Amino acid sequence: MTSTDVHKDVEDSGPSGYAAARLRLLQEGARSGPPRRSALSDLTDDWLSGLFTAGAEALRGVSLIAVGGYGRGELSPRSDLDLVLLHDGSDSGAVAALADRIWYPVWDLGLALDHSVRTPAEARKTAAEDLKVQLGLLDARHIAGDLGLTAGLRTAVLADWRNQAPKRLPELQELCAERAERQGELQYLLEPDLKEARGGLRDATALRAVAASWLADAPREGLDDARRRLLDVRDALHLTTGRATDRLALQEQDQVAAELGLLDADTLLRQVYEAARVISYASDVTWREVGRVLRSRAVRPRLRAMLGGGKPVAERSPLAEGVVEQDGEVVLARAARPDRDPVLPLRAAAAAAQAGLPLSLHAVRRMATGVRPLPTPWPAEAREQLVTLLGSGQPTIDVWEALEAEGLITRMLPDWERVRCRPQRNAVHIWTVDRHLIETAVRASEFTRRVHRPDLLLVAALLHDIGKGWPGDHSVAGEIIAKDVAARIGFDRDDVAVLATLVRHHLLLVDTATRRDLEDPATVRSVAEAVGSQGTLELLHALTEADALATGPAAWSSWRGSLVADLVKRVAAVLAGDDLDEPEAGAPTAEQERLAIEAVATGSPVLSLRAQTEPPALAEGQPAADPEPLGVELLIAVPDQPRVLPAVAGVLAVHRLTVRTAELRALDLPDGVEGSVLLLNWRVAAQYGSLPQAARLRADLVRALDGSLDVAGRLAERDAAYPRRRGVIAPAARVTVAPAASRHATVIEVRAQDAPGLLFRIGRALEDAGVRMRSAHVSTLGANAVDAFYVTDGKGAPLGAGEAASVARKLEETLRG
C-alpha cells in the first residue's frame with residue numbers, strides 16, 4: 001500500500017480509518033527505521049489536522065503544534081503524542097471545546113497523549129519555569145491552524161533559550177547527571193533503558209538543545225547515526241512487546257534482534273553499546289566545551305579591563321614533548337608533527353592521564369587523521385608511554401575512551417576490535433569486556449607497589465580477557481593473542497612468556513583457592529608448576545585481585561582474598577630457595593675504563609652522552625628508515641666520595657631529564673692506577689625540548705658535588721613556577737628490606753610514582769641515614785619507579801635487622817611527606 005493510499009483511508013474513514021492505516025503501516029515489512037517513523041508522523045499529522053479543521057470551523061488565532069519527539073517527526077509505534085493547542089486568548093470557551101474535539105478521539109484509540117492548551121505568553125512562562133517544557137518546545141512543529149501563531153512562538157522560544165543559555169545549560173547538565181546516576185550507563189547495562197540511561201535518547205536530545213543555544217556544539221560525526229540506531233531498536237522493542245517501553249529486557253532481546261534482522265541478542269547489545277558510546281563521548285566533549293565557554297565569558301570582562309580591551313592569550317603549559325595544557329585540556333603543541341611522530345598519541349594520552357586532564361577533541365582528531373602507524377615492534381618509548389597511561393588510575397578511562405572514539409586504540413592494538421563493546425552475560429560482571437579490561441588496569445595501578453614488574457602487571461591487566469572475542473576457552477585463546485601483542489609492543493622473549501602465563505592462568509589462583517583442598521601438596525605443586533617463578537606468582541596474585549575487583553562487588557571478598565593469600569603463601573614456599581645475590585656487572589667496557597682513568601687523573605667527574613637507537617622493523621621491500629630513538633646513554637665516572645647519587649640525580653632533574661634506567665657501582669681500575677671510582681650508567685630522555693650540552697651538565701655536577709649548587713632550591717623554584725594540577729592520586733611509596741637478598745649488602749627496595757627529583761630525594765635520604773651505597777639499580781616502568789639499593793654500614797658490612805628497618809621506615813616517610 002502506498003503512502004497516498006494510507007492518507008486516503010484517513011480522509012475517508014475518520015478515526016477508525018486512521019487506526020486501520022496505522023496498523024497497516026506498522027505491519028508493512030518493506031518500510032522501517034526513519035522512513036516508517038516519518039510516515040507515521042505524517043499519517044498522524046493528517047488525522048489530527050482533520051480533527052482540528054472539523055472542530056475549529058470559523059475560529060481564528062488557534063494552531064495545533066507537535067512538540068518533543070513527535071515534533072521532530074520521530075514517532076515510534078507506541079510513542080506518546082505530545083501536543084500543544086496554542087491560541088491568542090480571544091475565545092477561551094471555543095478553544096476548550098476544540099481541545100475536547102481533538103483529545104477525546106486520541107484517547108478513544110488508546111493512544112498515550114501529553115497535551116496542553118496555552119497562549120504564547122503562557123507557553124513561554126511555563127518554559128521559563130520548567131526546563132523539560134522548554135526542551136519540548138525547542139522541537140515545536142506546526143500541524144494545523146494559524147501558521148503565524150506557531151512561527152511566532154517558535155521564534156520567541158528559541159530567542160528565550162539563547163538568551164537564557166548561560167543559566168539554563170548548567171541546569172540541563174545537572175538534570176542529565178542526575179538521570180545518569182539513577183539509570184546508569186547505557187553502554188554497559190544488560191537491560192538498559194534506551195531513553196533514560198546515560199548515552200541514550202534523552203542525552204541525544206540534550207545535545208540538540210545545546211546546539212540550539214549557539215553556545216557550543218556536539219561532535220557531529222556519527223551522532224545522527226547513533227540516534228537512528230537507538231530509535232530503530234526502540235521501534236522493534238515496541239513492535240515485539242506491544243507496549244510503550246524503553247527498557248530492553250533480557251527476555252525480549254532475541255525477538256528484538258530478529259525484528260531488526262540481526263544475528264543474535266549479543267549483536268543487538270553490541271550495536272546499542274556502540275551507539276551509546278558515541279552519544280556519551282559527544283556529551284562529555286560538549287559539556288566540557290560549555291563549561292569552558294561559560295568560564296571564559298565570566299572572566300573575559302575583567303581580563304579585558306586589565307589588558308586594555310585586548311584579546312587574552314590562552315596560557316599553554318608544557319606537559320611532554322609535543323603536548324601542552326591549555327584551558328584545562330591537553331592539546332598538541334604548535335610544533336607537534338603527528339605525521340613524523342608515531343608515539344605522539346600515546347605520549348599525549350599518558351600526559352593527559354597523569355595530569356588528570358581530558359584530551360582535546362581537536363587534538364585526538366588531528367592525531368587520528370595525521371599520525372603514521374607505529375613500527376613493529378614498538379619503540380621503547382611507545383611501550384613506556386602505554387604503561388604510563390595504564391598506570392594512571394581513574395583518569396585512564398576517559399583518556400582511553402577519547403582515543404577509542406576516533407579509532408586510535410584499534411589502530412594500535414587491532415585485537416581490541418573483537419572485545420570492543422562486547423557484552424558479558426554474567427550477572428557478576430558489570431562491564432563490557434573492553435571496559436572491564438581498562439577497569440582491571442585501573443585496579444592494578446593500585447597494586448604497582450606490590451610487584452617488581454609493574455609494567456608486566458598493567459599490560460597483563462589490559463590483555464587478560466582479550467581472548468573473549470574468540471570461540472573456546474578465552475584463557476587459552478588469550479594466551480596466543482597475548483604472545484603476539486606483547487611481542488608487537490616490544491617486550492623481550494622472557495617478558496612475553498611471563499605475560500602469556502599470566503593471561504593463560506589469570507583464573508588459576510581464585511579457582512584453586514575456592515574449589516580445591518589447599519592441604520593437599522599435589523594441589524600446591526600443580527599451581528607452582530603452572531606459575532613457574534616467584535616473580536610470576538607475585539604478578540599473578542596482584543592480577544587476580546585486580547581482575548576480581550574490576551568485575552563487580554560480588555566477585556571479591558575478604559574470605560576469597562584470604563584463601564588466595566593462603567594459596568600464594570604455600571606456592572611461594574615451594575618456589576623458594578634461590579639466593580638473589582647482588583647482580584654481577586661484568587667487565588667494564590673500554591669507554592668506561594677510559595672515563596674512570598680520566599676521573600682519577602683529574603679528580604673530578606667525567607661524562608659522555610651518546611644517543612641510543614634501535615633499527616626499525618621493516619616489512620619486506622620497505623625502504624630503510626632512520627633508527628628509532630631509545631633515549632640517551634649517560635656515562636659518568638666520579639672519584640669515590642659521599643653524595644654522588646643525589647648530586648647526579650639532582651642535576652638531571654634540574655635539566656629536565658627523565659631517568660629510564662640507572663646503575664651505580666664501584667669500578668675496578670686497571671693495575672697500577674690508584675684510587676676508587678664510582679661509575680654511573682644512565683639512560684635518560686628529555687621531558688620536552690632538546691638535551692643539554694655535556695659540558696653544562698658536567699659543570700653543574702661539579703657544583704652540586706662541592707655544594708655550591710642548591711639543587712633542592714632549584715627544584716623547589718621550578719615546581720612553584722608551574723600551576724598545580726589535580727593529577728593522578730598514585731599509590732603511596734613503598735620501601736622494603738629484601739630478606740636474604742644478598743650476602744654482602746642490605747637491599748633496600750623502593751617502589752614509588754616516578755616524578756622529577758625522585759631519585760635525588762632517595763639518594764639524599766640514604767646519605768643522611770649514614771649508610772654506604774655499594775650499588776644501585778634503577779628502573780622506570782611507565783610512571784612507576786622500581787629501584788634497588790645495595791647498602792652497607794660504615795665498615796662495609798650488611799646492616800643489622802633493626803637498623804635496616806629504621807632506614808627503610810625513614811626513607812618511606814621522606815617519600816610520602
Side-chain angles (χ1 to χ4, degrees), residues 76 78 175-207 222-223 225-238 240-241 243-260 262-284 287 394 397-398 400-401 404-405 418-440 442-443 465 468-469 547-556:
S76 290
R78 293 284 177 172
L175 200 65
C176 292
E178 290 174 354
R179 181 166 32 80
E181 185 69 25
R182 289 193 314 272
Q183 299 290 341
E185 295 200 54
L186 177 53
Q187 59 180 315
Y188 304 122
L189 296 169
L190 277 176
E191 292 188 304
D193 188 305
L194 300 169
K195 189 174 185 178
E196 301 293 338
R198 182 174 182 269
L201 294 168
R202 286 270 192 220
D203 279 337
T205 301
L207 292 177
L223 192 56
D225 184 58
R227 285 183 64 253
R228 178 193 61 76
R229 279 188 284 169
L230 291 184
L231 287 168
D232 288 351
V233 174
R234 185 173 70 170
D235 287 359
L237 181 61
H238 285 188
T240 57
T241 63
R243 302 192 312 274
T245 179
D246 296 311
R247 185 167 296 280
L248 190 57
L250 286 171
Q251 65 268 22
E252 288 146 3
Q253 290 174 9
D254 284 318
Q255 290 178 281
V256 172
E259 176 71 24
L260 292 169
L262 300 176
L263 180 64
D264 55 24
D266 276 4
T267 306
L268 167 68
L269 276 185
R270 195 169 188 186
Q271 285 198 4
V272 168
Y273 294 162
E274 287 172 342
R277 190 164 293 189
V278 170
I279 295 171
S280 293
Y281 178 63
S283 297
D284 290 341
W287 288 121
Q394 200 65 29
I397 296 171
D398 289 340
W400 189 273
E401 288 179 348
E404 193 166 31
R418 281 184 173 265
V419 297
R420 188 176 60 82
C421 292
R422 181 171 292 277
Q424 304 203 75
R425 295 187 177 277
N426 183 325
V428 174
H429 278 278
I430 60 175
W431 305 112
T432 54
V433 178
D434 57 339
R435 177 62 183 270
H436 169 69
L437 293 175
I438 297 302
E439 288 284 340
T440 305
V442 170
R443 291 290 190 168
D465 275 349
K468 284 190 173 177
D547 180 19
L549 290 171
T551 297
W556 194 249

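Source: prediction; values computed, not measured.
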Q: Flag the pair Asp465 / Val419 as yes when at least one side-chain heavy-atom distance between them is below 4.5 Å, and no otherwise.
A: no
Q: Apply side chain to side chain donor-acceptor pair (under 3.5 Å) to the pair Gln424 and Arg435, showing each step before the final yes or no.
A: CA-CA 11 Å; Gln424 304 203 75; Arg435 177 62 183 270; over 6 Å; no
Q | Arg202 vs Cys176 side-chain heavy atoms within contact, under 4.5 Å | A | no
Q.
Quick check against the 3.5 Å criterion: does Thr245 have a side-chain atom that pairs as donor or acceptor with the backbone of Thr241?
A. no
Q.
When you compare the side chains of Ser283 and Asp203, does any donor N or O come within less than 3.5 Å of an acceptor on the partner?
A. no
Q: With side chain to side chain donor-acceptor pair (under 3.5 Å) as the test, would you mind laying out the steps for Gln271 and Arg229 before giving the verdict?
A: CA-CA 8 Å; Gln271 285 198 4; Arg229 279 188 284 169; 5.3 Å; no
Q) Taking the side chain as C-beta and beyond, is there a heavy-atom pair between Arg422 and Thr432 under 4.5 Å? A) no
Q) Any side-chain heavy atom of His238 within less than 4.5 Å of one from Glu259? A) no
Q.
I'd like to check Glu404 versus Asp434 (side-chain heavy atoms, cut-off strictly below 4.5 Å). Are they in contact?
A. yes
**Q.** Intermediate values then yes/no, side chain to side chain contact (heavy atoms under 4.5 Å, CB included), Asp547 and His436
**A.** CA-CA 8 Å; Asp547 180 19; His436 169 69; 2.8 Å; yes
Q | Sub-4.5 Å side-chain heavy-atom contact between Leu248 and Leu269 | A | yes
Q | Flag, side chain of Tyr273 to backbone of Leu189, donor-acceptor distance under 3.5 Å | A | yes
**Q.** Which atom of Arg420 lies closest to which atom of Arg277, heavy atoms considered
**A.** CG-NH1, 3.9 Å
Q | side chain to side chain contact (heavy atoms under 4.5 Å, CB included) assessment of Gln187 paired with Cys421 | A | CA-CA 8 Å; Gln187 59 180 315; Cys421 292; 5.9 Å; no
Q.
Is it the case that over 12 heavy atoms from other parts of the model lie below 6.0 angstrom from the CD atom of Glu181?
A. no
**Q.** Sidechain-backbone polar pair: Asp246 side chain, Asp193 backbone, donor-acceptor under 3.5 Å
**A.** no
